[in-house]
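We use all heavy atoms of the structure for the numbers below, so side chains are in, but hydrogens, waters and symmetry mates are not.
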Amino acid sequence: MVKQNITTELYCNTRYFKNALILMYSIFFIIALFKPLSAQTLKFPKDDGRHENADFEAWSLFTHINSEKGQKFGVAIFFFTGKVIGIKASGLYVVVADERKKEYQKFSKIQLPLFSSTTHTEDQLMENYSDNVLERDPKGGPYKVKIEMDDFSISLKFNPMKRPIDIGQLAVGEGSFNRIYAIPRGKVSAQMHFAGEEFQLDGIGILQHQWGDKPEQNALSDIFALHLKDSTDVLIYHSGTFPEINTMLISDSNGKNRILRKFTADADTVVIVKPSNDKFKLDWKFKSAENQFKIKISPSFKGQEIEMLGLSYWLSRCKVIMEKGSGKTTHGIGYVYIGFDDS
């Protein structure tokens, strides 16, 4: 009888510890899955460069640059690599917003390894697509872009004014994720040949780098990259479709950073693009009752649809108004970069 009781007790204790161990591992797994990775886990210069195991990777620059004569431009630059119909491809898009003419012009180059020259360097940033280059010295300093096309060229430097912020993992589909970090503000200088003219330009911009699984079209998060006149920078990722995404990075003038998850997002206008008939939501309003602020975003003028590795986006410069709980209002500029609405 005593032997049976000891055996039963040992069995119960063993079973208890097994269950506790399973529960502990489950908790650690859930924390690892949903908790954004800390900023200290980023390793530079390695994470500036390409990640070989990623199915998709993109470096995005959203800039606002002006000439000495007061001519204003928005220049958005995308270097990207990934798979199209199972074939690894790389490419770049440049979208120039000319405030004089209130219009956008797109320049692009898609590289297939069998037909063009594409090289990159591991453990540092050096993407070279037929002599169109995005690079950074492994010791730091500015990010450099050099693009040469038949009717457009630009030589640009992005010099970080704030430290990189690790946004962690962002869902890009069911069970699919991208790792993202951003430099919320940098000083931009550029020489640009555009529309038959030469321009010397200076301004500010945001740099974002993401890599991981290839995003699904119906799971694309809308991106809002904003600069306010008080040197606050805001980067918003939002999607109302599955998986729902609600992430807002706020970087103030003192370099203090917050990542918010609780806020509402609404759009008042839908634009239908021809000939694709794709629909995109515009005129966005964001509100956080907990943090007591409102953000209103309106396009400066009509934007443009672009396609990246089979994914469609709408890109537009915008005007920004941020109203704080104290009643203080701050204006600014930014970009909206949104996936189409299939509802």
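Inter-residue side-chain proximity for R50 and W59 is flagged as met; some heavy-atom pair is nearer than 4.5 Å. At a threshold of 4.5 Å between non-hydrogen side-chain atoms, the residues V234 and V320 do not count as touching. Between T330 and I321 the shortest side-chain heavy-atom distance does not fall below 4.5 Å. Residues V133 and M126 have side chains in contact (heavy-atom distance under 4.5 Å, counting atoms from C-beta outward). Counting heavy atoms from C-beta on, the side chains of D47 and W211 come closer than 4.5 Å. Within the 4.5 Å cutoff, the side chain of D48 has heavy atoms near those of the Y143 side chain. No side-chain heavy atom of E198 sits under 4.5 Å from any side-chain heavy atom of Q191.
Aromatic ring centroids of F44 and Y181 lie under 6.0 Å apart. Residues H209 and H51 bring their aromatic ring centres within 6.0 Å. Ring pair F80/Y129: centre-to-centre distance not below 6.0 Å. Aromatic ring centres of F73 and F199: separated by under 6.0 Å.
Ion pairing between E290 and R258 fails under the 4.0 Å rule for side-chain N and carboxylate O.
I306 and F301 fall within the same hydrophobic cluster, defined by Ile, Leu, Val, Met, Phe, Trp and Tyr side-chain heavy atoms under 4.5 Å apart, directly or through other members.
Looking only at distances, a side-chain donor or acceptor of K162 sits under 3.5 Å from a matching main-chain atom of D252.
In this pair, F263 and H238 present their aromatic rings tilted. The plane angle is within the 30 to 60° band.
A ring-ring contact (aromatic ring centres under 6.0 Å, His included) with F224 is found for exactly one of Y335, Y237, F286, namely F286.
Taking both residues in full, the closest heavy atoms of F280 and Y313 are given as CE2-C, 3.7 Å, listed atom of the first, atom of the second, then distance.
With a 6.0 Å radius and a threshold of 12 heavy atoms from other residues, nucleotides or ligands, K296 has its NZ atom at or below the threshold.
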S300 vs K319, side-chain hydrogen bond (donor to acceptor under 3.5 Å, both in side chains): CA-CA, chis, key distance, verdict
CA-CA 6 Å; S300 301; K319 298 176 181 178; 5.8 Å; no

